[in-house]
Amino acid sequence: MVAFRTLDGVEVKGRRVLVRVDFNVPMQDGRVSDATRIERGAVTIRELAGKGAKVVLLSHFGRPKGKPEAGLSLKPIAQALEGVLGQKVAFASDCIGPEAEAVVAALPEGGVALLENLRFHAEEEKNDPAFADALARLGELYVNDAFSCSHRAHASVVALAERLPAHAGRLLQAELEALEKALGGAARPAAALVGGAKVSTKLAVLGNLLDRVDALVIGGGMANTFLAAEGLKVGKSLCEPDLAQEARAIVERAQAKGVDILLPIDAVVAREFKPNATCRTVGVEEVGPEEMILDVGPKTVKDVTDKLAGCKTLLWNGPLGAFEVPPFDAATVAVAKAAAELTKAGKLVTVAGGGDTVAALAHAGVLESFSYVSTAGGAFLEWLEGKELPGIAALRPR
Ligand code: AMP
């Protein structure tokens with residue numbers, strides 16, 4: 001278990017608490033179009049404000065290249081946050097310096113302020129010590145509530161955490177506890193389902209999972225490389241023949257460790273990748289030279305769902321097929337629904353995240369039924385690779 005300090009028992013009344021949040025939310029025409037991240041972040045803010053802290057929020061937004069950019073101001077987000085919290089949110093047009101200091105000094109107990117985009121300063125992404133000193137002057141305690149940014153050694157995530165007593169916020173805590181339930185401390189047997197486009201982006205993930213699960217389901221475009229490595233013809237399918245040796249090595253390692261690898265046994269193939277293209281379902285040894293594998297077939301779905309029925313934990317990253325284009329969403333939807341039913345019946349802990357996985361599970365309508373779905377893309381994948389995230393390491397008890 002990763003050791004980290006929570007907010008339990010921390011005296012915050014009257015103290016200035018700097019909270020690193022991820023308010024990098026979708027915006028349209030200068031307005032927040034999806035406030036999910038703000039609503040999730042509000043839990044920690046409400047708790048701190050409710051206990052009489054002076055809450056100072058830090059976030060990045062977009063990629064402003066180290067200098068102010070009007071379109072990337074956090075100001076509209078302060079307004080959206082006011083709506084979510086039902087209280088006034090002060091705003092400072094710079095995250096360091098005299099204006100920020102004045103806004104923070106004027107905060108009453110229970111007050112909330114949002115400071116301007118951290119990335120308006122190039123020093124943020126450089127983990128710059130002087131910039132972190134300037135941020136640290138604004139607070140007495142530091143809280144990281146942004147798992148999605150914790151794989152980056154940026155000043156507001158690492159150097160700042162080293163300068164103040166540092167704690168995990170409730171959102172970060174929930175994320176780490178859910179991830180722990182899915183991997184380090186998972187109930188066994190545990191399965192991982194890894195799909196998505198390319199095996200080249202997931203080699204480290206597969207390598208780490210082999211040490212931690214009892215069954216590994218490989219689907220999506222990346223399964224084609226494994227099939228081709230076994231000598232099967234995959235026609236015009238997405239495939240990385242250069243990685244055949246790596247794919248074989250993964251299968252051999254799995255066999256040596258007693259990890260059950262489930263590869264597709266049938267596939268949905270088409271000559272064109274377009275909605276409702278003419279397609280057929282074939283055994284994986286029957287793919288024609290002009291055809292593309294765009295989804296796994298129903299026999300594979302049954303294989304996978306039967307396996308899941310005997311498991312206690314499922315970790316899911318990546319779709320089983322090209323789910324954005326029907327009918328190639330069928331397998332992803334069917335397995336997601338089966339996993340959701342097992343979760344609802346209390347038989348399976350289901351944790352998912354990374355890349356397009358959230359969109360795929362939302363498409364299947366199971367987001368609410370899974371035990372935990374992480375919206376953190378890069379950080380989730382690095383965690384799946386078994387890497388230590390610098391922002392989490394900085395929260396270790398010292
Ligand atoms: P990733 O970001 O690696 O999880 O990849 C997700 C993408 O993989 C989605 O856009 C899917 O459309 C794509 N994908 C899944 N299966 C296939 C397939 N058999 N052929 C081509 N693309 C696929």
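Both counts, for ligands and for their atoms, begin at 1 and track the order of listing.
Counting heavy atoms from C-beta on, the side chains of Glu116 and Ser73 come closer than 4.5 Å. Considering only heavy atoms from C-beta on, Glu175 comes within 4.5 Å of Tyr372 through its side chain.
Near Lys202, with a cut-off below 4.0 Å to any heavy atom, the atoms of ligand 1 are 1 (P), 3 (O), 4 (O). Interface atoms of ligand 1 facing Ile293, defined by a heavy-atom separation under 4.0 Å, are 18 (C), 19 (N), 20 (N). Near Pro319, meaning under 4.0 Å from any of its heavy atoms, are these atoms of ligand 1: 4 (O), 6 (C). Taking every non-hydrogen atom of Gly318 and a distance limit under 4.0 Å, the qualifying atoms of ligand 1 come out as 4 (O).
The local environment of NZ in Lys51 is crowded, with over 12 non-hydrogen atoms from other residues, nucleotides or ligands closer than 6.0 Å.
Lys257 has a carboxylate O that lies under 4.0 Å from a charged side-chain N of Asp211, or vice versa, which qualifies the two as a salt bridge. Taking the charged nitrogens against the carboxylate oxygens, Lys126 and Glu123 have no contact shorter than 4.0 Å, which rules out a salt bridge.
For atom 7 (C) of ligand 1, the closest heavy atom belonging to the protein is Asp356 OD2, 3.8 Å. Counting protein heavy atoms only, atom 21 (C) of ligand 1 is closest to Leu238 CD2, 3.8 Å. Of all protein heavy atoms, the one lying nearest to atom 17 (C) of ligand 1 is Gly221 N, 3.2 Å.
Any N or O atom pair closer than 3.5 Å counts here, and Glu324 shares at least one such pair with ligand 1. Of the polar atoms of Leu320, none of the N or O atoms is found under 3.5 Å from an N or O of ligand 1, judged by distance alone.
The nearest non-hydrogen atom to atom 3 (O) of ligand 1, considering only Gly377, Gly195, Ala197, Ala322, comes from Ala197.
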Check the pair Asp306 / Lys302 against salt bridge (Lys or Arg N to Asp or Glu O under 4.0 Å), numbers first and verdict last.
CA-CA 6 Å; Asp306 284 351; Lys302 179 156 188 332; 2.7 Å; yes
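Under the 3.5 Å distance criterion, with hydrogens and angles disregarded, no donor-acceptor pair is assigned to the side chains of His167 and Asp8.
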